[in-house]
Amino acid sequence: MSSNSESQKSTGLHIGVAAPGVKKVDPILVIDSVKKSFGGLTAVDVEHLEIPRGAITALIGPNGAGKTTLFNLLTGFDNPDTGAWSFEGKQLAGISSFKVAKMGQVRTFQLTKALSLLTVLENMKLGAKNQTGEKLLNSLFPFLWRKQDNELEVKAMELLRRFKLDAKKDDFAASLSGGQRKLLEMARALMTDPVLVMLDEPMAGVNPALTQSLLEHVLNLKKEGMTVLFVEHDMHMVRHIADWVVVMAEGKVVAEGAPDTVMKEQAVIDAYLGAHQDTDLGVVTGRIKVISEEGK
Amino acid sequence: MDWGSILNNTLAGLLTPTILAFALATLGLAMHFGFAGLLNFGIAGFMAVGAYGYAISVLTFGLPWWAGMIMGVAASVVFALIMGIPTLRLRGDYLAIVTIAAAEILRLLFLTTAFEPVTGSADGLFGYNNSGGFADANPFPPGDYGWGPWTYNEQTLWMLVFGLMVLAVATLLLWALMRSPWGRVVKGIREDEDAVRALGKNVFAYKMQALIIGGIFGALGGIVLATSTNVSPGVYVTSLTFFLWTALLLGGAATIFGPVLGSIIFWVLQAFLTNILPALAESGILPVSGIQAATLRYVLVGIGLMLIVIYRPQGIFGDKREMTFVK
Ligand SMILES: Nc1ncnc2c1ncn2[C@@H]1O[C@H](COP(=O)(O)OP(=O)(O)OP(=O)(O)O)[C@@H](O)[C@H]1O
Ligand SMILES: [Mg+2]
């Protein structure tokens, strides 16, 4: 398994020495001095960061490092105090969130947002872009949108099968379990045919048996030409599928690099230990052990 | 007690221009709250805009009746835009506050003597249906129509047929909208607008469209009401808004026929209580005076609203499964 996945890894993504803010050969997302504070707390303070195109990038860091906030800023769900960023060369600062998604930069949420009183299939179909029937006047004339809607249904069912949700297609999303909702949200995001998928903790709460197939699925996204940026605490997953790892702590990018090297860096170990000194050392040390074992 | 007349009055209440008007307004609320999740507590204001827009256009500007009705609808679109533009980007509660306030402001503007020549102040407006107006467009020859409690003269028949046509078109429109992909987006926004935004939909535009469409239904309700009675500021009060909400929740907020049937049930019940409570008081069964008995029905409405919301939040015609998942 591991040798197989290693062979799928993209390498040669960066130019020069891997350090925070290192230039990439072909960046899809370029972030410059993005800063966001909540009151006195600086949640995000990223000087320079480039996300490589066509690769899987993991964004890791201890709780409260600012990962979700950075996601919110990049997707227009929150406004930074200062800073600029571009997606495929287009400036995104100040662009509203739905336009960002329309451009192909689509995200999921850490706290899952299933549309509870819509069925699973409706959730999926809602994800598709450029639907004729979503325009007010067209919607009154089914012959304008029926065919497209049927095609979307086929596509949605195919995705649902991959995510093992096809049997649930007519159930309200509210009746799904927490893990199933995570899966539904990810599948729904894929209905938009994104260029860049940003997943906020896609594996949190997902059954380990399914994790394996999900990992494969994320790897498939890369094969299909998509770029993936994901936040994850599960270091197994990070090591297994990420081509590049960005480590955040206290709002800043403290390390960047290929997964097998970056996790050995002192800054990363400090970041994890430092942030947890007063809380749950047992868990943290356990985790670091996992990392260093895997690093061998 | 005269059971015969109580029954007769109640049955007659099943089909009146007033019920059709309220059913239209409730349909508007269903669009707003049931499908789009917009908390509109100013539906009476939309009705007032429609009714006054129609009457003023005819009386002050001399427009033909149908053009006056179109003006009433156009005015409700403007009203929706004025309220929607500042609030639809904010959290849902803000729309609730703004709509309730806007409807009150509007009513007070219609009531004030400052614009009496145009609005008629407390007397309201009348006579706009006469000579060359809506009443003259009546296609039915004079005579009595119908049967039993549902006997109407040609004028009432015309109002009913007109009201029914408008209601039928509005219901059909709502049904067509809500089964379409447009309806899917709107329902998605009701569930979680950020999720819909993250999928690349212009949430603000959809909410605005929903607010306008529901507002038009409300205005049409006001117009239908204005064909049968005078336009009076005393009608479009906040309590009317809450009666409409009760009818909506009774029928089922997220259904097509629920609002219509809910309105019928609600106002027939009202008609029944209006008749029976004073009769009960008079015959000494209820230990209250006749006037107290008349107000008692409002108490019962309040209790009824609470019971529905607690025990059957999806309404009579709502999907049973929704019951389990009330947020
Ligand atoms: N809306 C907000 N108001 C105030 N503070 C906030 C807000 N959102 C986030 N923060 C703060 O910003 C910091 C970063 O939060 P963020 O959610 O980005 O962390 P994270 O890296 O995603 O953590 P986790 O791994 O636990 O999800 C935290 O200290 C948090 O308390
Ligand atoms: Mg987070």
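Chain letters run A, B, ... following the sequence lines, proteins first, then strands; residues in each count from 1. Note that the coordinates shown come from a computational prediction; the quantities given were computed from them, not determined experimentally.
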Rounded to the nearest 0.5 Å, the OG1 atom of A/T192 sits from the NZ atom of B/K201 at a distance of 9.0 Å
Considering only heavy atoms and a distance below 4.5 Å, find which of A/K102, A/K125, A/Q148 pairs most often with chain B. A/K125
With rounding to the nearest 0.5 Å, note down the distance linking CZ in B/R89 to OG in A/S96. 8.0 Å
Honestly, the part of B/Y206 sitting under 4.5 Å from a heavy atom of chain A is side chain
With a 4.5 Å heavy-atom cut-off, do B/R190 and A/L118 have their side chains touching? yes
With a sphere of 6.0 Å drawn around CE of A/M191, does it hold more than 12 non-hydrogen atoms of other residues, nucleotides or ligands? yes
What is the distance from atom CG of A/L140 to atom CZ of B/R179, rounded to the nearest 0.5 Å? 9.0 Å
Which atoms of A/R146 are under 4.5 Å from chain B, going by heavy atoms: the side chain, the backbone, both sets, or neither? side chain
Per-residue contact mode, A/A173 against chain B (heavy atom under 4.5 angstrom): neither
Might you point out which heavy atoms bring A/G133 and B/S180 nearest each other, and give the distance in Å? O-OG, 4.2 Å
Do other residues, nucleotides or ligands put more than 12 heavy atoms under 6.0 Å from A/K147 NZ? no
Before you tell me yes or no, could you show the steps for B/R184 and A/D149 under side chain to side chain contact (heavy atoms under 4.5 Å, CB included), namely the whole-Å CA-CA distance, both residues' side-chain angles and the distance that decides it to 0.1 Å? CA-CA 12 Å; B/R184 194 159 60 211; A/D149 210 52; 3.0 Å; yes
Give a yes or no on this: more than 12 heavy atoms of other residues, nucleotides or ligands lie within 6.0 Å of atom CZ of B/F242. yes
Within a 6.0 Å radius of atom CG on B/L307, are there more than 12 heavy atoms belonging to other residues, nucleotides or ligands? yes
Determine yes or no for a side-chain-to-main-chain donor-acceptor pair under 3.5 angstrom, with B/K187 supplying the side chain and A/L117 the backbone. no
For chain A, the option from B/P181, B/A176, B/A198 that forms the most heavy-atom pairs under 4.5 Å: B/P181
Heavy-atom side-chain contact between B/V203 and A/F98 under 4.5 Å: no
Among A/R188, A/K129, A/K99, residue most engaged with chain B (heavy-atom pairs, under 4.5 Å): A/R188
With respect to chain A, which residue among B/L177, B/I213, B/V185, B/D194 yields the maximal number of heavy-atom pairs within a distance under 4.5 Å? B/D194
Mind listing the closest non-hydrogen atom pair of A/L115 and B/A195 along with its distance? CD2-CB, 3.9 Å
Residue A/Q131 versus chain B: region with a heavy atom under 4.5 Å: side chain
With only heavy atoms counted, which part of A/F77 is less than 4.5 Å from chain B, the side chain, the backbone, both or neither? side chain
A/K113 vs B/R197 side-chain heavy atoms within contact, under 4.5 Å: no
Check this for me: A/K155, atom NZ, are more than 12 non-hydrogen atoms of other residues, nucleotides or ligands nearer than 6.0 Å? yes
